[in-house]
**Q** 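The following block contains the structure, expressed as structure tokens.
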Amino acid sequence: MPELPEVETIKNDLAKSLVGMRITGLWWDSPKQLKPSPQMVEDNIIGTTIEKIERRAKIIQFFLSNQKILIVHLKLTGRLLIRDRKEPADKWAHIILRLSDNLDLRFCDMRKFGYLRIMSDEKELDEVLKEFGPEPFTPEFTVEKFKKILSVFSLPIKILLMDQKKIAGVGNIYANEALFLAGINPRIQANTLSNGQMVQLFHCLLKVLTEGIKFRGASDQSYLDAFGREGEYQKHFRVYQQDNKSCPNKCGGKIVRMKLGGRGTFYCPKCQKL
DNA sequence: CATGGGTCCTGAGTGC
DNA sequence: TGCACTCAGGACCCAT
């Protein structure tokens with residue numbers, strides 16, 4: 001599933017290839033995934049030029065020449081593929097933007113949880129984006145800010161890490177990996193971590209996110225970049241989906257899978273004690 | 001503020 | 001071989 005590193009990779013691919021392109025058409029077979037409605041999206045994008053493409057949290061933003069912004073959330077199984085129009089149809093393609101130079105931007109989504117949404121102006125976009133917590137890799141994401149957030153909540157630390165309102169962009173893969181690297185049990189209440197543990201976790205989180213970007217994301221089930229290529233980070237998972245394998249720290253223990261907040265959670269009981 | 005449940009959706013996996 | 005069933009999960013919504 002696309003998290004910060006995967007969405008960042010896709011955004012960079014798109015920015016490289018699509019800035020300056022004109023949107024000439026829209027095709028869809030899944031109306032619910034075009035918000036607020038297919039007609040509204042169509043009316044606001046046709047004939048515009050893509051001026052800038054950015055990412056905030058797991059959301060990709062296309063800034064258009066008419067000052068509207070098209071945002072995309074890939075959720076669990078969404079893909080954005082740049083294709084030549086004559087290339088064969090992609091599996092699970094539900095929305096296609098027709099672009100200049102005979103290009104398609106194909107939104108494919110097996111589970112149909114993702115969406116495209118047109119924002120009428122920057123103000124409306126800001127209303128959405130301001131709900132997110134601090135963005136990793138920006139100056140506002142400091143160790144002090146991180147510690148402050150953790151100290152306010154008694155939630156299990158893994159649930160806090162994945163809460164987009166608290167910290168932006170972190171999902172299940174990178175939360176599991178960061179907690180393992182930091183040697184912190186996913187169930188521990190955030191506000192009971194020691195200063196040292198919080199500092200450690202801050203650095204481990206940035207480390208795994210950096211690794212994820214370096215390896216162009218993790219293709220554990222359905223993720224592909226904008227050119228249809230798999231990422232490599234799944235080859236470097238320490239604990240995510242590694243249940244029953246021996247702990248990478250060679251502690252002699254085995255990685256265990258449990259449920260936390262309804263989500264698959266992977267950890268080493270010996271290295272990440274409660 | 002915390003916690004737990006339901007919702008969206010469909011491919012993959014299991015059991016018979 | 002095929003049918004019925006369960007499971008997975010990001011974000012959001014609701015009730016308690």
Side-chain angles (χ1 to χ4, degrees), chain A residues 1-11 28-38 55-61 71-80 89-95 107-117 119 124-125 127-133 135-136 148-178 186-193 205 209 212 217-224 230 234 237 239-244 256-267:
Chain A
M1 31 188 163
E3 305 180 26
L4 187 156
E6 288 75 24
V7 181
E8 178 70 11
T9 302
I10 293 170
K11 183 266 289 179
W28 46 269
D29 73 355
S30 177
K32 281 186 178 175
Q33 295 182 274
L34 285 164
K35 300 173 184 232
S37 68
R55 177 192 62 78
R56 168 91 166 98
K58 301 174 191 171
I59 288 183
I60 296 172
Q61 308 143 41
I71 67 172
V72 180
H73 198 309
L74 301 170
K75 292 286 182 95
L76 299 176
T77 57
R79 296 170 174 166
L80 278 173
D90 283 288
K91 218 172 176 184
W92 305 304
H94 294 299
I95 297 163
F107 175 78
C108 308
D109 190 2
M110 184 180 84
R111 292 278 191 275
K112 295 187 172 179
F113 281 13
Y115 61 83
L116 278 67
R117 178 175 167 190
M119 317 296 290
E124 191 184 358
L125 176 66
E127 289 293 306
V128 171
L129 299 187
K130 76 175 190 198
E131 295 300 317
F132 290 105
E135 179 71 34
K148 201 168 177 182
I149 295 167
L150 268 56
S151 62
V152 176
F153 299 99
S154 61
L155 289 166
I157 182 61
K158 176 166 178 263
I159 292 177
L160 184 151
L161 289 178
M162 293 174 63
D163 184 339
Q164 302 302 302
K165 291 189 175 71
K166 311 224 168 23
I167 295 158
V170 182
N172 206 17
I173 294 172
Y174 296 92
N176 277 296
E177 294 291 316
R187 291 193 124 97
I188 293 185
Q189 295 186 322
N191 60 359
T192 65
L193 291 174
L205 182 59
L209 292 172
S219 294
D220 71 304
Q221 33 175 303
S222 65
Y223 164 75
L224 296 176
E230 293 194 344
Q234 68 281 3
F237 286 163
V239 290
Y240 185 73
Q241 286 181 343
Q242 305 301 303
D243 36 324
N244 291 322
V256 166
R257 179 191 180 118
M258 65 163 175
K259 275 226 173 200
L260 184 56
R263 280 166 213 141
T265 298
F266 305 83
Y267 71 110

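Numbered from 1 within each chain, the chains take letters A, B, ... in sequence-line order.
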**Q** Report yes or no: do A/T192 and A/Q189 form a side-chain donor-acceptor pair below 3.5 Å?
**A**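 The answer is no; no qualifying pair exists.
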
**Q** Specify the separation, in whole Å, of atom CE of A/M162 and atom P of B/dA2.
**A**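 Checked: the CE to P distance equals 16 Å.
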
**Q** Kindly point out which of C/dC12, C/dG9, C/dA11 is positioned nearest to the side chain of A/K58?
**A**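 So the side chain of A/K58 is nearest to C/dA11.
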
**Q** Expressed as a whole number of angstroms, how long is the span from A/R263:CZ to C/dC7:C1'?
**A** 15 Å

**Q** A/I71 CD1 to C/dG10 P: how many Å, rounded?
**A** 18 Å

**Q** Tell me what A/G264 touches on the nucleic acid: a base, only sugar-phosphate, or nothing, going by heavy atoms under 4.0 Å.
**A**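 Counting heavy atoms under 4.0 Å across all strands, the contact made by A/G264 is with sugar-phosphate only.
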
**Q** Does OP1 or OP2 of B/dG11 have a side-chain N or O of A/W92 closer than 4.0 Å?
**A**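 True: A/W92 side-chain N/O within range (under 4.0 Å) of B/dG11 OP1/OP2.
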
**Q** Out of C/dG9, B/dC8, B/dT3, which has the shortest distance to the side chain of A/K32?
**A** B/dC8

**Q** Might you point out which heavy atoms bring A/L74 and A/P2 nearest each other, and give the distance in Å?
**A** CB-CG, 3.8 Å

**Q** Mind checking if A/K259 touches a base, just sugar-phosphate, or nothing, with heavy atoms under 4.0 Å?
**A**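 Result for A/K259 = sugar-phosphate.
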
**Q** Is A/K75 close enough to C/dA11 that one of its side-chain N or O atoms is under 4.0 Å from OP1 or OP2 there?
**A** no

**Q** A/F113 on top of C/dG10's base, within under 5.5 Å and under 30°?
**A** yes

**Q** Counting only side-chain nitrogens and oxygens, does A/R111 get under 4.0 Å of the OP1 or OP2 atom of B/dG11?
**A**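 No, outside the criterion.
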
**Q** Over how many whole Å does the gap from A/Y223 atom OH to C/dG10 atom C1' extend?
**A** 17 Å

**Q** Does a donor on one side chain and an acceptor on the other come within less than 3.5 Å for A/Y223 and A/E3?
**A** no

**Q** Which listed nucleotide (C/dG9, B/dG11, C/dA11) is nearest to the side chain of A/Q164?
**A** C/dA11

**Q** Would you mind reading off the distance between A/I173 atom CD1 and C/dG10 atom C1', rounded to a whole angstrom?
**A**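 From A/I173 CD1 to C/dG10 C1': 12 Å.
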
**Q** CD of A/Q33 versus P of B/dC8: gap in Å, rounded?
**A**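 Atom-to-atom, A/Q33 to B/dC8, this comes out as 14 Å.
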
**Q** Please examine the side chains of A/F132 and A/I59, heavy atoms only from C-beta on, and report whether any two atoms are closer than 4.5 Å.
**A**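 They are in contact (side-chain heavy atoms under 4.5 Å apart), so the answer is yes.
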
**Q** Looking only at the side chain of A/Y240 (C-beta and beyond, no hydrogens), which of the listed nucleotides C/dA11, B/dT3, C/dG9 gets closest?
**A**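 My answer, after comparing the listed nucleotides, is C/dG9.
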
**Q** Parallel, tilted or perpendicular: which fits the ring planes of A/Y240 and A/F266, with parallel below 30° and perpendicular above 60°?
**A** perpendicular

**Q** Tell me whether the OP1 or OP2 atom of C/dA11 has a side-chain N or O from A/H73 closer than 4.0 Å.
**A** yes

**Q** Classify the nucleic acid contact of A/T77 as base, sugar-phosphate or nothing, counting any heavy atom under 4.0 Å across all strands shown.
**A** nothing

**Q** Rounded to whole Å, please give me the gap between CD1 in A/I167 and C1' in C/dA11.
**A** 17 Å

**Q** Counting side-chain heavy atoms from CB outward, which of C/dG10, B/dG11, B/dC9 is closest to A/M110?
**A**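 Per side-chain heavy atoms of A/M110, the pick is B/dG11.
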
**Q** Are the side chain of A/E177 and the backbone of A/V239 linked by a donor-acceptor contact shorter than 3.5 Å?
**A** yes

**Q** In terms of side-chain heavy atoms of A/F153, which of C/dG10, B/dC9, B/dC1 is nearest?
**A**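 For A/F153, the side-chain atoms sit closest to B/dC1.
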
**Q** Nearest whole Å is fine: how far is C/dC7 P from A/R257 CZ?
**A**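 These atoms are roughly 12 Å apart.
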
